[in-house]
Amino acid sequence: MTRLTIDPITRLEGHGKIEIFLDDHGDVERTYFQVPELRGFESFCVGRPVEEMPTLTNRICGVCPEAHHLAAAKAADAVYGVDPPRPAKLLRELLYCAFFVTDHTTHFYALGGPDVIVGPDAPIADRNILGVIRKVGLEFGSRVIETRRGGHRVIELIGGRRVHPCTSVPGGLTKGITPDERDEIEGIARSMLDFAGVSLDTFDRVMTDGPTRDLVLGDLFRHETYYAGLVDDEGRVALYDGRVRVVAPDGERLGTYAPAEYRDWIAEHVEPWTYLTFPYLRQIGWKGFVDGKDSGVYCVGPLGRLNTATGMATPRAQEAYERYFATLAPPVDGRRQLVHQRGASHWARLIEMLYAAERMLELLADPDITSDDVRTVTTQTPTEGVGTVEAPRGTLTHHYWTDERGILTKVNLIVGTTNNHAPIAMSIDRAARGLIRAGVVVDNGLLDRIEMAFRSYDPCFGCATHSLPGHMPLEVTIRNVQGDTIDVLRRDD
Amino acid sequence: MSSGATTERRRPTLVIGLGNPILGDDGVGWRVVDALESRLARDDHARRSAGDVELDLLAVGGLSLMERLVGYERVVLIDAVIGSEPPGTLTVGSLAETACRLAGHLDSAHDAPLTEALSVGRALGAHLPDGITVVGIAVRRVDVFGERLSPPVAAAVGPAVDAVISVLERRPVGVG
């Protein structure tokens with residue numbers, strides 16, 4: 001076999017290495033994606049009181065501390081067998097929706113957006129947030145920053161701190177919000193809703209551009225896998241709380257389970273070449289890195305959530321959801337089809353942004369939102385508990401075990417990106433196969449497409465591997481049948 | 001940001017410890033800022049030398065870090081540096097000189113590197129400091145969870161505080 005390595009994946013967390021082995025004909029035999037893993041998180045947690053977890057786990061990574069904070073708080077609720085009062089749940093969800101708008105805004109305009117808005121064929125030097133601002137205008141650029149600032153303000157008002165919230169505790173929250181704070185958040189939510197609408201209009205405009213359309217709709221990034229995500233009682237997308245629904249590539253429903261039952265549904269496959277595990281559906285089984293109904297590979301995140309659910313719980317998002325499916329996966333013989341194009345994640349993300357902003361306004365209109373009844377006192381002996389939320393990049397599960405004093409004895413986390421490991425590896429392989437053919441010169445175009453495949457998943461290996469916040473250097477090494485390096489690709493080469 | 005930032009009162013100096021406080025030596029920037037805070041509280045001379053200064057601890061990079069810098073005349077960042085120097089070695093330089101050698105905290109792979117984020121902020125009319133100085137502390141490993149610093153890195157905390165105070169004494173500092 002021949003071997004190939006890509007470095008760096010820009011705009012991503014951690015450090016990554018891709019090895020591509022070629023066969024006798026110079027075609028791709030197999031690709032391997034590796035990221036290094038940080039060690040010792042579980043032993044770091046064991047021996048600590050479980051109520052520290054909401055503030056401790058949000059230090060795992062600087063990208064989605066809010067998701068870890070709330071998954072940890074929900075797991076701690078479960079450990080103590082305590083149900084937070086309704087106002088606390090509303091406030092946690094409000095904080096979470098503000099975080100979703102903020103995080104999706106950042107991804108769309110700074111990370112994934114450059115590929116879509118500036119265009120996948122634009123020079124790499126223009127495909128960054130500055131290029132996006134040049135394309136959409138300064139005023140629009142200011143609104144990106146304003147939306148982020150608004151989101152951080154809401155997180156500060158409810159979560160007690162910007163970025164790393166600290167108010168969620170077992171049984172609820174340490175504080176509520178005042179009517180004045182409610183009004184301030186409403187102003188921010190209105191502005192976010194408007195911005196989400198404008199962002200969807202922008203997406204419509206760029207989709208008329210050929211290369212962008214190909215990126216979103218093209219087969220290069222299409223995988224027919226299972227999908228999973230939280231849904232509410234009516235089967236609609238849920239971000240803060242719900243049951244996990246799993247659907248097959250043909251749209252058939254495999255089942256819906258309570259988050260605490262995750263181990264009956266999800267198993268983890270181990271490969272000898274990486275520390276990462278590859279979760280798959282236990283019921284279907286691990287058949288390798290392959291598409292199809294017989295393969296237990298599943299995908300989470302915006303694409304997974306929209307495929308899994310049967311709609312959105314707010315009116316404008318529902319309208320956008322219907323248009324998304326009508327455009328990308330129209331029904332066949334009256335049967336609902338799923339969206340398998342990974343590039344469509346960018347669109348799905350904007351629909352979720354619209355939903356989260358609309359949902360904020362619904363929550364703010366609830367009279368309970370300014371109630372002081374935000375914490376149920378814990379009385380039960382702590383044991384074990386699972387907490388699950390939808391992180392922007394996929395289903396996030398925290399599972400804790402404690403002794404009778406509430407001291408942690410075991411910890412297990414399955415983060416959003418971990419769920420997507422197999423699909424990410426498959427997309428990298430697909431991009432490599434599509435772009436390396438016998439006699440075809442491998443150049444930075446390959447690096448680019450592989451990075452785009454990657455970014456559509458919005459992966460954060462910061463927590464998936466407990467790796468550092470920072471740039472993700474990626475190196476692609478291509479090796480021949482003998483295993484000798486024939487090319488090494490790096491950004492900036 | 002443009003409107004909000006420009007109407008904001010300009011504040012003098014911000015000192016930020018960067019890193020992850022639960023990742024061993026990666027959190028050295030936080031320890032230096034903690035030690036600086038105690039020094040300023042008990043040492044009048046150090047307080048006079050440092051002048052009007054605000055302290056913060058952060059585990060974010062990119063746009064979030066840039067947003068935190070809005071409105072300040074100058075900024076000192078304290079961060080772990082991964083390189084060939086022995087652990088505990090101090091380096092002081094402008095952002096441009098040191099950015100690429102830091103433990104990656106200036107960048108957020110989820111959005112943009114700090115230098116790019118600063119360009120975005122400036123393009124949008126935010127008042128951002130010209131002078132960004134980086135005090136770096138060489139570390140070897142940042143991949144194991146823990147709250148303790150390794151001995152050579154712990155020994156560098158005191159000298160790093162001195163280095164920050166001497167940077168603060170020099171006004172104005174070099175252009176970032």
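First the proteins, then the strands, lettered A, B, ... as listed; each starts at 1.
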Under 4.5 Å from any heavy atom of chain B - which part of Leu138(A): both

Show every side chain to side chain donor-acceptor pair (under 3.5 Å) that has at least one partner inside residues 29-41 of chain B, sequence neighbours left out. Arg39(B)-Asp162(B)

In Å, rounded to the nearest 0.5 Å, how long is the span from CD of Glu67(B) to CD1 of Ile145(A)? 5.0 Å

Can you see which heavy atom on Ala110(A) is nearest to which on Leu63(B), and at what distance? CB-CD1, 4.3 Å

Partners passing side-chain contact (heavy atoms from CB on, under 4.5 Å) against Pro165(A) (at least two apart in sequence or in another chain): Asn58(A), Glu66(A), His69(A), Leu95(A), Ile155(A)

